[in-house]
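Heavy atoms only: backbone and side chains are in, while hydrogens, waters and symmetry mates are out.
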Amino acid sequence: MTMQSTTSIALITGGSRGLGRNAALKLAEKGNDVILTYRSNRAEAGAVVQQIEKLGHQAVALQLDVANSGSFASFAESVRTELARRWQRERFDYLVNNAGIGAHASFAETTETQFDELVNIHFKGVFFLTQKLLPLIADGGRIVNISTGLARFALPGYSAYAAMKGAIEVLSRYMAKELGPRGIAVNVVAPGAIETDFGGGAVRDNADLNKFVASQTALGRVGVPDDIGGVIASLLSVDNRWINAQRIEVSGGMAI
């Protein structure tokens, strides 16, 4: 007879690269099994799965395009199948809505196509994916939605992107209120500028931009993925179970 797993299971979208990858590994280091999603690079996602398995935990990578809300029902079924097959479980514990893209265009030059893509990925996708996954999230579970420091301070060129994240911050408070009866806590992590390939890797690769961001940050440097992943994992730990409906900015003190 197969024993049901008692290890906590985290599902993280966009977990194959950047901040999502770092968060997936930090979650595994803290004792969690992981379901991660990727949009197109299966090999990259498989490498993260292998790293998690080397840490002594189970992991699986599932394909998901968060811009395609029509695929969410079948994705939820895939999650249900993997939970039963790998963990003998019907529910997972933590959802991290991380997947996203960067976009840089002035307010005057932002196109409707760019705007719609940002809506679909950063707002509509989070809204309806979470809705579809609700029956699979355990009572007493936790949700972390990823926002951005740009929802608090303004840098020209990010109006549409930041507006979507502002919507996520409001949505998160409503989710916390409505999911409270199930004991599900919902919080926001808002990273500052981070050196990744996000948005074409501008913060990482553009020396002038990197220097400017560092000059605007109290701790005097640009963030790296290791500054963020551990915060997400920590927020999902039992030690932080009473934190709910909060926006936690992780920016090193940017624009203060």
Are Ile232 and Ile12 close enough, and set up right, to give a side chain to side chain contact (heavy atoms under 4.5 Å, CB included), and what steps lead you there? CA-CA 11 Å; Ile232 295 170; Ile12 179 164; 5.6 Å; no
Using side chain to side chain contact (heavy atoms under 4.5 Å, CB included) as the criterion, point out the one residue from Leu27, Leu36, Asp33, Asn32 that pairs with Ile52. Leu36
Per the side chain to side chain contact (heavy atoms under 4.5 Å, CB included) rule, which among His122, Glu169, Glu249, Arg152 passes with Ser147?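 The passing option is Glu169.
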Under a 3.5 Å cutoff, is there a donor and acceptor pairing between the side chains of [X] and [Y]?
X	Y	value
Asn244	Asn187	no
Ser234	Asn240	yes
Asn97	Thr13	no

Could you check if a side-chain atom of [X] sits within less than 4.5 angstrom of a side-chain atom of [Y], using non-hydrogen atoms only?
X	Y	result
Gln51	Arg21	yes
Arg204	Asn210	no
Ile184	Arg142	no
Leu11	Leu133	yes
Val188	Ile146	no
Glu117	Thr113	no
Val34	Val48	no
Leu136	Glu90	no

Are [Y] and [X] linked, directly or through intermediate hydrophobic residues, by side-chain heavy-atom contacts shorter than 4.5 Å (ILVMFWY only)?
X	Y	answer
Ile248	Val96	yes
Val66	Met175	yes
Leu62	Val49	no
Leu236	Leu129	no
Leu235	Ile143	no

List the atom of [X], the atom of [Y], and the distance in Å for their closest heavy-atom pair.
X	Y	result
Pro191	Ile228	CB-CD1, 3.9 Å
Ala193	Val222	O-CG1, 3.5 Å
Gln114	Ala105	OE1-CB, 4.0 Å
Thr37	Gly14	OG1-N, 2.9 Å
Tyr161	Ala103	CB-O, 4.3 Å
Phe115	Ala160	CD1-CB, 4.2 Å

Residue pair Arg91, Asp139: steps toward the salt bridge (charged side-chain N to carboxylate O under 4.0 Å, His left out) verdict: CA-CA 9 Å; Arg91 306 282 185 271; Asp139 290 353; over 6 Å; no
Kindly determine whether Arg17 and Tyr38 satisfy side chain to side chain contact (heavy atoms under 4.5 Å, CB included), including the steps that lead there. CA-CA 8 Å; Arg17 47 187 278 273; Tyr38 65 97; over 6 Å; no
With distance as the sole test, does [X] use its side chain to make a donor-acceptor pair with the main-chain N or O of [Y] at under 3.5 Å?
X	Y	value
Asn206	Val203	no
Gln246	Ile243	no
Ser237	Ala233	no
Asp93	Gly141	no
Asn98	Leu19	no
Thr148	Leu150	yes
Ser106	Glu109	yes

Can you list the steps and then say if Asp116 with Lys124 is a salt bridge (charged side-chain N to carboxylate O under 4.0 Å, His left out)? CA-CA 10 Å; Asp116 287 345; Lys124 182 180 179 180; over 6 Å; no
ring-ring contact (aromatic ring centres under 6.0 Å, His included) against Phe123, all qualifying residues, sequence neighbours excluded: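 Here no residue qualifies.
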Atom [atom1] in [X], atom [atom2] in [Y]: separation rounded to 0.5 Å?
X	Y	atom1	atom2	answer
Thr110	Leu118	OG1	CG	8.0 Å
Ile101	Met164	CD1	CE	10.0 Å
Leu83	Thr81	CG	OG1	9.0 Å
Arg173	Asn145	CZ	CG	12.0 Å
Arg89	Ser8	CZ	OG	7.0 Å
Ser71	Lys132	OG	NZ	10.0 Å

Please evaluate residues Ser69 and Asn120 with respect to the criterion side-chain hydrogen bond (donor to acceptor under 3.5 Å, both in side chains), reporting the C-alpha separation (whole Å), side-chain torsions for both, the decisive distance (0.1 Å), and the verdict. CA-CA 8 Å; Ser69 58; Asn120 290 337; over 6 Å; no
Can you list every ring-ring contact (aromatic ring centres under 6.0 Å, His included) pair that touches residues 127-160, not counting sequence neighbours?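 Matches after skipping sequence neighbours: His104-Tyr158.
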For Arg42, does the CZ atom have more than 12 heavy-atom neighbours from other residues, nucleotides or ligands under 6.0 Å away?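 12 or below, so no.
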Side chain to side chain contact (heavy atoms under 4.5 Å, CB included) between Asp226 and Asn22: does it pass, once the steps are laid out? CA-CA 7 Å; Asp226 267 343; Asn22 190 273; 2.8 Å; yes
Apply the test side chain to side chain contact (heavy atoms under 4.5 Å, CB included) to residues Leu95 and Val144: give CA-CA distance (whole Å), side-chain angles for both, the deciding distance (0.1 Å), then the verdict. CA-CA 6 Å; Leu95 172 62; Val144 171; over 6 Å; no
Quick test of your reading of the model: are Arg39 and Asp65 salt-bridged, counting only N-O distances below 4.0 Å?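 No, Arg39 and Asp65 are not salt-bridged.
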